[in-house]
Amino acid sequence: MSNNSAAMQKVPLSVEWKDGELYLLDQTLLPHEQVMEKQESAEQVWQSIKVLKVRGAPAIGIAAAYGLCVAIKGHIDLPLSEFKELVKEKAAYLDSSRPTAVNLGWAMRRMLVLLEKDYEDSSDLYNQLVEEAKLIHEEDKAICRGIGDQGAPLIQDGMGVMTHCNAGALATSILGTATSLMYVAHNQDKKFKVFANETRPLFQGARLTSWELGKAGIDVTLVTDNMAAHMMATGQIDMVVVGTDRVVANGDVANKIGTLGVAILAKHYGIPFYVACPSSTIDMDTKHGSDIPIEERDGAEITTIMGQKVAEDGTATRSPAFDVTPNELVSGIITESEIIRAPYEEGLREFFKGK
Ligand code: MRU
């Protein structure tokens, strides 16, 4: 990671491993309170992921990798074979916390690969798992910076850039994915405006994206989700860039609910629509967007706004947390090493050749 990356972001780290303990920034309290919460058990980490204390595809993967270490730490007295079984069980448990972001399963599978090697004892394996989690975390920092370097040339002076949800520093190890382009372009003294969609129902755009970009001195304007069409129709948006929870083999992209609408609007108004992600978010085992599991969340999250009731008790609800944007609406997938463009099936296959 280039050494000025850390200086570009002005918000706390979302995940920290300090003196053998895991700390997660409680993002449900942002932007009003900044609380780093120590994670003491697998159940606590599972819950932190479920209720979005830690959120965003890469951050969930990193948190779960460390979370697995938290889950097994107290059991290093077990014989190695029993310990290995426990590691598998806890990894499956953590993986069950949220279904859509592929980074979670990716991180768990990567940790489990270590079980295939030989170890002196359970403590030796535990230490290796901690090292692997640290590696996943460190790699993500370089990857996010790489995404920023790849994507920043797309941002030109005078542009209006729209984003949806938070694919920011808070959703990753550092700098974010969609926001990494913005941090790098800002660091290059480019003058541009970001429009952050508020992102109902949980307001990641309002609470997180506008907060983190504003703190970094980036010109950011918050709009409600239903203002996106108007902003585009009145010529204020030149480019859209979002993050993703899963890109599949044909280039279809799952991201926060509402992204699909923004992509359709962008197509209508001839505005390029980019998706930024690390290669760990690309799932070549899933062929089509319709095969992506879409998390359905509790209706209480839409009948209330930040704890205030806005609909009658008993009101029927649906709350899919993500939607799938078909590949034909995507102008390019910005990764750490290149921007992949259509045709995506070939482009993605080529991208993974030799990796
Ligand atoms: O429900 P969330 O807040 O975890 O959803 C997050 C998103 O949709 C992000 O855009 C995605 O995970 C990419 S984060 C770099």
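Position 1 is the first residue of the sequence; numbering continues from there. Just so it is clear, the model here is predicted, and its values are computed rather than measured. Just follow the structure's listing: the first ligand is 1, and inside any ligand the first atom is 1.
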Report the residue from Gln44, Gln39, Gln27, Glu37 that forms a side chain to side chain donor-acceptor pair (under 3.5 Å) with Lys53. Glu37

So the atoms of ligand 1 within less than 4.0 Å of a heavy atom of Cys165 turn out to be 5 (O), 6 (C), 7 (C), 8 (O)

Between Tyr23 and Lys18, is there a cation-pi geometry (under 6.0 Å to ring centre, at most 45° from the normal)? yes

Looking only at protein heavy atoms, which one is nearest to atom 4 (O) of ligand 1, and how far off is it? Arg98 NH1, 2.8 Å

Just by distance, with hydrogens left out, do Arg145 and Asn4 show a side-chain donor and acceptor under 3.5 Å apart? yes

Looking only at non-hydrogen atoms, the one of Val253, Leu202, Asp245, Thr177 nearest atom 11 (C) of ligand 1 is Asp245

Asp157 atom CG: more than 12 heavy-atom contacts under 6.0 Å: yes

Below the 3.5 angstrom mark, is there an N/O of Gly56, backbone or side chain, next to an N/O of ligand 1? yes

Does the side chain of Tyr126 come under 3.5 Å of the side chain of His75 through a donor N or O and an acceptor N or O? no

Using non-hydrogen atoms of the residue, decide whether Ala321 is closer than 4.0 angstrom to ligand 1. no

Any heavy atom of Ala101 closer to ligand 1 than 4.0 angstrom? no

I'd like to know whether ligand 1 has His164 as a neighbour, heavy-atom separation below 4.0 Å. no

Tyr183 versus Glu212, side-chain donor and acceptor atoms under 3.5 Å: yes

Given Gln27, Arg55, Glu295, identify the one with the heavy atom nearest to atom 6 (C) of ligand 1. Arg55

May I ask you to test the Thr163-Val240 pair for a side-chain heavy-atom distance under 4.5 Å? no

Numbered atoms and elements of ligand 1 in range of Ala171, under 4.0 angstrom, heavy atoms: 14 (S), 15 (C)

